[in-house]
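Structure, as structure tokens:
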Amino acid sequence: MFPGLNEQMDVIRQGVVDLLPENELVHKIEKSIKQNKPLNIKLGADPSRPDLHIGHAVVLHKMRQFQDLGHEATLIIGDFTGMIGDPTGKSKTRPQLTLEETKINGQSYIEQATIILRADRLIVKYNSEWLNSMNFVDVIKLASNYTVAQMLERDDFSNRYKSGTPISIHELLYPLAQGMDSVVIKSDVELGGTDQKFNLLVGRELQKQYGVEPQCILTMPILAGTDGIQKMSKSLDNYIALTDSPKEMFGKTMSIPDNLITLYMLHAAFMDSAKIKATEEGLKDGSVHPRNAKVETAMKIVEVYHGADSAKSAFEEFERIFVNKDIPDVIDEMVIECDGGKIGLADLLMTALLTPSKKESRRLIEQGGVTVDGEKCTDPFTHIDISTKRLLKVGKRKFLYVISN
RNA sequence: GGGCAGAUACCGAAGCGGUUAAACGGGGCAGACUGUAAAUCUGCUAGGGUAAUCCUUACGGAGGUUCGAAUCCUUCUCUGCCCA
């Protein structure tokens with residue numbers, strides 16, 4: 001039994017950017033209810049970057065909503081297309097992976113995606129299954145469906161072309177390959193980030209060419225990273241991973257710029273719109289302090305992935321370290337090898353892997369970023385007696401007990 | 001096939017024979033401030049060396065000219081543009 005049309009559409013519309021064509025989706029859902037048959041919802045996974053973060057969660061969460069409405073999710077692991085490398089949002093050609101690499105990454109992708117997706121009503125497919133067996137004739141036939149001008153409509157391509165950045169021919173094939181997936185699995189709806197809009201529409205177009213009922217496309221916003229400027233991505237190191245610890249999730253959320261708070265409430269914490277609206281107004285008239293709004297958001301995000309208890313302790317830990325400048329409740333301990341239990345501070349930091357080089361150690365020490373047992377130490381050459389356990393603090397976040405063997 | 005332009009540190013981009021571990025911007029890190037790992041301000045940002053006008057590595061690759069090269073020459077690789 002499926003929920004009614006209006007109920008479904010209300011859920012589906014939440015937070016979306018594009019839903020095209022909307023009336024077609026209405027027909028599809030009406031039909032689905034009448035025939036008691038779930039829609040086939042497609043989501044392509046790019047296995048070239050298998051580290052999922054809460055930016056990916058925006059779309060995955062939408063997929064989950066479809067599942068909860070009774071529809072069927074098809075997750076396409078782009079093991080074949082991963083070899084091409086998605087040109088989306090890239091100013092450079094992506095490195096090409098081998099099929100084995102993309103397969104392994106794909107597995108890890110599935111594990112992380114199912115943190116959000118439910119395991120029933122989920123079908124996983126690898127697109128090498130059909131793309132790998134296409135021969136050159138098939139490819140030419142596929143390619144003849146699109147023109148160069150159409151491809152260049154895409155921002156990524158036209159920008160690169162205008163700026164003189166190389167575009168390899170094989171990159172033009174990427175959208176077509178991805179579109180082929182839609183033809184093969186006969187998807188009713190394809191989800192993606194707004195940067196995928198072009199690719200999704202190619203899928204729709206190809207379905208028509210190949211005589212399959214065309215899919216609707218639904219795009220979700222691209223979540224800005226914790227720096228508040230660039231989109232969230234692992235390579236920019238502005239991401240909150242789905243597998244991050246509660247502490248990390250909390251801290252990273254606290255580091256977002258204030259103007260991102262309501263955005264994160266909606267797309268990362270999935271809070272309800274009335275609450276978000278209230279916070280937005282509170283922030284504007286000053287009745288809500290940005291820090292408190294952020295704390296609330298951070299706790300909610302941790303709660304989504306780790307539960308309410310973890311959220312509470314992550315918050316307490318944050319208070320302890322950054323507000324009360326206290327030390328964490330759990331600190332690692334490391335046994336250091338050295339003669340006579342004494343070691344130069346700069347050497348110590350490097351040996352304890354707190355810094356990548358001795359130069360770096362010296363810089364940090366001289367800038368006052370290092371304390372030993374709570375006392376600031378600015379001479380990189382003082383020898384520290386570590387025959388008894390000492391507490392090192394490097395920067396704001398790194399704590400470590402050290403002791404000699 | 002021919003002509004022209006280009007390849008610089010994490011990224012963008014100056015430099016065009018010595019004072020250049022390389023301006024400037026971004027990013028990153030640290031400090032100050034703050035009810036936040038927000039904002040703002042300041043400093044640092046190749047490795048080694050308890051110092052130096054010290055050593056090593058570094059301006060696409062390989063050679064060469066020179067007391068001395070990111071800067072000049074040769075050649076190779078890669079990229080863009082134009083002509084065919």
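Chain letters run A, B, ... following the sequence lines, proteins first and then strands; every chain starts at 1.
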Using a strict 4.0 Å threshold on nitrogen-to-oxygen distance, state whether [X] and [Y] make a salt bridge.
| X | Y | value |
| --- | --- | --- |
| R160(A) | D156(A) | no |
| K275(A) | E296(A) | yes |
| R204(A) | E24(A) | yes |
| K312(A) | E316(A) | yes |
| E333(A) | K389(A) | yes |

*Taking atom CG of D10(A) as the centre, report whether more than 12 heavy atoms of other residues, nucleotides or ligands fall under 6.0 Å from it.*
yes
Which nucleotide wins on minimum distance to the side chain of [X], given the candidates [options]?
| X | options | answer |
| --- | --- | --- |
| K252(A) | U36(B), A37(B), G49(B) | A37(B) |
| K359(A) | G49(B), A38(B), U50(B) | G49(B) |
| N292(A) | A30(B), G35(B), G48(B) | G35(B) |
| P166(A) | G27(B), G47(B), G80(B) | G80(B) |
| F322(A) | U36(B), C29(B), G27(B) | U36(B) |
| F381(A) | A37(B), G43(B), A51(B) | A51(B) |
| F318(A) | G80(B), A37(B), C44(B) | A37(B) |

To the nearest angstrom, how far is [X] atom [atom1] from [N] atom [atom2]?
| X | N | atom1 | atom2 | answer |
| --- | --- | --- | --- | --- |
| M254(A) | U36(B) | CE | C1' | 4 Å |
| N238(A) | G26(B) | CG | P | 17 Å |
| I365(A) | C29(B) | CD1 | P | 18 Å |
| L349(A) | U50(B) | CG | C1' | 15 Å |
| K234(A) | C10(B) | NZ | C1' | 16 Å |
| D258(A) | U40(B) | CG | P | 11 Å |
| K398(A) | A30(B) | NZ | C1' | 11 Å |
| Y264(A) | A37(B) | OH | P | 17 Å |

Quantified in whole Å, what is the [atom1] atom distance between nucleotide [N] and nucleotide [M]?
| N | M | atom1 | result |
| --- | --- | --- | --- |
| G80(B) | C10(B) | C1' | 24 Å |
| A69(B) | U20(B) | P | 16 Å |
| C16(B) | A84(B) | P | 37 Å |
| G12(B) | U66(B) | C1' | 33 Å |
| A52(B) | C67(B) | P | 31 Å |
| A14(B) | A22(B) | C1' | 10 Å |
| G6(B) | G18(B) | C1' | 26 Å |
| U57(B) | A70(B) | C1' | 15 Å |

Look at all strands and tell whether [X] reaches a base, only sugar-phosphate, or nothing, counting heavy atoms closer than 4.0 Å.
| X | answer |
| --- | --- |
| I256(A) | sugar-phosphate |
| N259(A) | nothing |
| M249(A) | nothing |
| K294(A) | base |
| G395(A) | sugar-phosphate |
| K325(A) | base |

[N] phosphate, OP1 or OP2, under 4.0 Å from [X] side-chain N/O:
| X | N | value |
| --- | --- | --- |
| R362(A) | U45(B) | no |
| S255(A) | A38(B) | no |
| K358(A) | G49(B) | yes |
| R363(A) | G47(B) | yes |

*List the atom of M63(A), the atom of L43(A), and the distance in Å for their closest heavy-atom pair.*
CE-CB, 3.5 Å
_Which atom of A352(A) lies closest to which atom of M334(A), heavy atoms considered_ = CA-SD, 3.6 Å
_For a quick check, tell me whether the side chain of Q367(A) and the base of G31(B) share a donor-acceptor pair closer than 3.5 Å._
no
*Pairwise 5' ranking along RNA chain B for G368(A) and D347(A), keeping only the more 5' one*: G368(A)
_Which residue lies more 5' along RNA chain B, comparing K376(A) with T253(A) via nearest heavy atoms_ = K376(A)
*asked:* If a pair means Watson-Crick or G-U wobble with both distances below 3.5 Å, what does RNA chain B look like in dot-bracket form, with | marking bases paired to a different strand?
replied: ((((((((.[[[..)..(.....]]]((((((.......))))))(((.....)))...[[[[[..)....]]]]]))))))).
*Between F322(A) and F318(A), does the ring centre distance come in under 6.0 Å?*
yes
*How many angstroms lie between atom CD1 of I54(A) and atom OG1 of T253(A), to the nearest 0.5 angstrom?*
6.0 Å
